[in-house]
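As structure tokens, the structure follows; a few thoughts come after it.
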Amino acid sequence: MSKYKWRDLVDINSKTRSHLSALSCIAHIDANAFFAQVEQIRCHYTKDDPVVCVQWSSIIAVSYAARKYGITRMDSIGDALKKCDKLVPIHTAVFRKGEDFWQYHDGCGSWVDDEDKKLTPENFKVSLDPYRRESRKILKVFNEWCDVVEKASVDEVFLDLGRCCFSMLMFDESVHSFNEIRRVFKEGEYDLDLYLPPVPRNLDIQFDGNVYNPEKRSLFEDWDDVIFCLASILTNRIRSNIEEVLGYTTSCGIARTKSISKLASNFKKPAAQTIIKNSCIEDFLDNEKFEITSFWSMGGITGQELSQLLNLPKEKTIKYIRDSWPTTSDELKGFIDTKLREMGKDRDKYHTIDETQTQAIADKLFQLVRGEYRLSVNAKPMVKSMMSNKNLRGNSCKNFKDCIAWLEVFSGELDGRIRELEQEYNRLFIPKTIAISVRGHKFQKHAKSSSLMFTGSHIHSKDFLEAGSRLTQELDMKFGKDSGYYPLTNLNMSISNFEILEKGKTIVDMFGRQAQVTKKVEPGNFSSVESVTAENKESLFLCQPCDLSFSSEEQLREHADYHYALKLSESLNGANEDSKNLSYGERRLLFSKRKRPACSSSKNDSKRVKSTPQSDIYKFFK
DNA sequence: TACTCACAG
DNA sequence: GGCTGTGAGTA
């Protein structure tokens with residue numbers, strides 16, 4: 001007999017409840033030394049070349065090949081060259097002061113002898129655009145395979161694999177072990193409150209990756225292990241797909257919660273995956289000397305203060321918490337409350353801990369140490385704002401004219417990032433407000449903002465430059481005569497309040513004359529753009545992979561199911577093998593009927609291609 | 001709404 | 001360590 005009920009199994013097929021199910025299955029996938037990998041691939045090096053990504057004279061990402069020489073992110077480029085004379089330092093792309101496009105200057109950097117080829121913060125601004133682009137490409141692949149994807153940062157994602165695993169278990173005809181449970185499910189001969197049948201013996205499936213199993217437990221103790229096994233097969237396929245098509249290696253962790261899966265993906269690197277069985281979670285947390293500060297969001301002051309407050313021992317803090325408060329979080333809450341009260345006048349030492357929130361803190365901690373803290377996997381909303389920022393050194397911004405030169409850079413960067421979004425979503429992004437902020441030696445911050453007129457359907461860098469210059473001039477007139485205003489130490493431009501419109505249509509075409517558009521973003525890659533006008537109300541539900549729109553959420557969900565079916569049959573019935581020789585574009589056409597995005601027409605692209613003609617990193621967009 | 005702080009990569 | 005980004009809390 002299983003310890004899980006039918007309800008637990010059926011729930012993982014629900015987008016909204018899966019993360020709460022006892023059979024939940026989450027993956028965290030992380031691109032290894034991402035910036036270094038991007039540069040390695042762009043410049044046609046191999047994984048064995050000791051590539052590092054450089055910004056001025058600091059190393060911001062170290063490839064695994066370079067780590068073998070003991071090089072770390074803390075090393076200056078000079079230190080690193082001492083450790084490895086074969087080092088391949090590659091500088092990030094940069095904007096030149098006064099220009100509105102970025103470029104790679106391969107062969108240039110702080111480490112070269114030629115003075116003319118030195119890249120310095122006085123005259124350049126780093127561009128992270130190439131990494132954001134590659135990140136989006138990777139994200140697209142995840143979205144093709146999985147219905148719930150959360151982009152956690154530029155180089156990591158969470159996947160809720162509930163539906164995927166459920167489908168593999170119930171509908172994959174090539175695996176015979178599950179015929180009986182499938183029959184019962186399909187005939188409807190089950191009750192949600194009944195326990196599942198025992199896991200069949202001699203399963204014809206195998207884990208992909210490393211199962212964390214120090215106690216040598218049976219690999220398939222119950223259905224959770226079956227789910228995780230299917231998940232491991234799937235994530236391996238997804239990761240292989242990403243490596244085949246884009247070249248990136250990734251690390252993956254599979255577990256029942258986000259926090260455990262994140263620890264797991266970090267456990268073995270690079271290019272590995274680690275599965276934490278539910279029955280091994282406590283072993284994992286205890287054996288691998290994790291502390292509460294190891295958990296996400298606990299890495300800073302909050303974790304420190306919490307550790308102190310609870311008088312946690314240095315070693316085995318997680319086990320200590322579990323053993324000290326074994327049954328409920330209530331006693332833990334009581335303990336925290338008492339401690340805070342005892343603190344009395346020293347209370348402000350723990351300013352991070354809010355005494356009205358002790359129940360929530362206790363609950364979270366109680367669950368975290370048991371691998372039971374269940375956060376849902378949420379797609380992040382598209383964008384709220386965008387900033388282009390420059391810390392200025394020395395005299396690189398000593399008057400109004402210098403400001404304008406940097407504003408050129410900011411305008412170009414923001415414009416490029418908007419173009420990217422427009423390509424990705426096939427929508428127009430129109431920011432309605434713009435802000436300029438400055439910092440100097442003698443003052444913390446002066447800022448000005450204004451609304452952006454939107455003239456016609458296109459906004460480009462000139463509009464930002466114009467509006468930004470005006471604001472900067474106002475600041476200059478107001479404070480510029482003050483001694484200590486110049487040279488500025490920081491200058492930035494930000495845009496916000498985006499209107500998101502269908503391409504080729506004006507807001508009036510879409511929604512009528514007195515339309516006011518409000519944006520709503522649905523979780524997942526299926527977003528809805530909702531328009532509210534005085535008279536009519538209309539919703540569009542968009543399937544990003546296909547760029548099809550639907551008039552109801554129901555239709556969209558139905559359509560989405562079609563995607564999973566295709567992907568899963570591809571994955572499990574060997575279609576993957578058959579299509580191995582096809583190009584990515586052909587594969588995508590085959591499986592998702594998706595049009596390739598048009599070749600990017602941004603200024604950045606043409607410049608970039610010119611400067612590095614050998615690069616084929618963006619070939620999939622051609 | 002704007003600003004600061006905490007946190008992360 | 002420099003840089004970018006997000007969310008929570010606060011005035």
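Proteins get letters first, then strands, A, B, ... in listed order; numbering begins at 1 in each. Every heavy atom of this structure was used, including side-chain atoms; hydrogens, water molecules and symmetry mates were not.
- When the nucleotides dT4(C), dA6(B), dA2(B) are ranked by their closest atom to the side chain of Ile301(A), dA6(B) comes out on top.
- Note that the CD atom of Glu39(A) and the CZ atom of Arg42(A) stand 4.5 Å from one another [nearest 0.5 Å].
- Here the side chain of Glu156(A) is nearest to one of dG2(C), dG9(B), dA2(B), namely dG9(B).
- Between Asn492(A) atom CG and dA2(B) atom C1' the separation is 14 Å, expressed in whole Å.
- Here the C1' atom of nucleotide dC7(B) and the CD atom of Glu305(A) are 13 Å apart, to the nearest Å.
- Between dG9(B), dG1(C), dG5(C), one nucleotide has an atom nearer to the side chain of Asp155(A) than all others, and that is dG9(B).
- In this structure, Arg370(A) forms no cation-pi arrangement with Tyr373(A), as its terminal cationic atom is not both closer than 6.0 Å to the ring centre and no more than 45° off the ring axis.
- Ring geometry, Tyr212(A) versus Phe267(A): the interplanar angle exceeds 60°, so the pair is classed perpendicular (tilted spans 30 to 60°).
- The side chain of Arg132(A) lies closest to dT4(C) when the candidates are dC3(C), dT4(C), dC3(B).
- Between Phe443(A) atom CZ and dC3(B) atom P there is a gap of 14 Å when expressed in whole angstrom units.
- Counting to the nearest Å, the C1' atom of dA8(C) and the NZ atom of Lys384(A) are 11 Å from each other.
- In this structure, Tyr485(A) and Phe479(A) have parallel ring planes: the angle between them is below the 30° cut-off, well short of the 60° mark.
- One atom, OH of Tyr131(A), and another, P of dT4(C), lie 13 Å apart when rounded to the nearest Å.
- Nucleic acid contact for Met298(A): sugar-phosphate only, since backbone atoms but no base atoms lie under 4.0 Å from a heavy atom of the residue.
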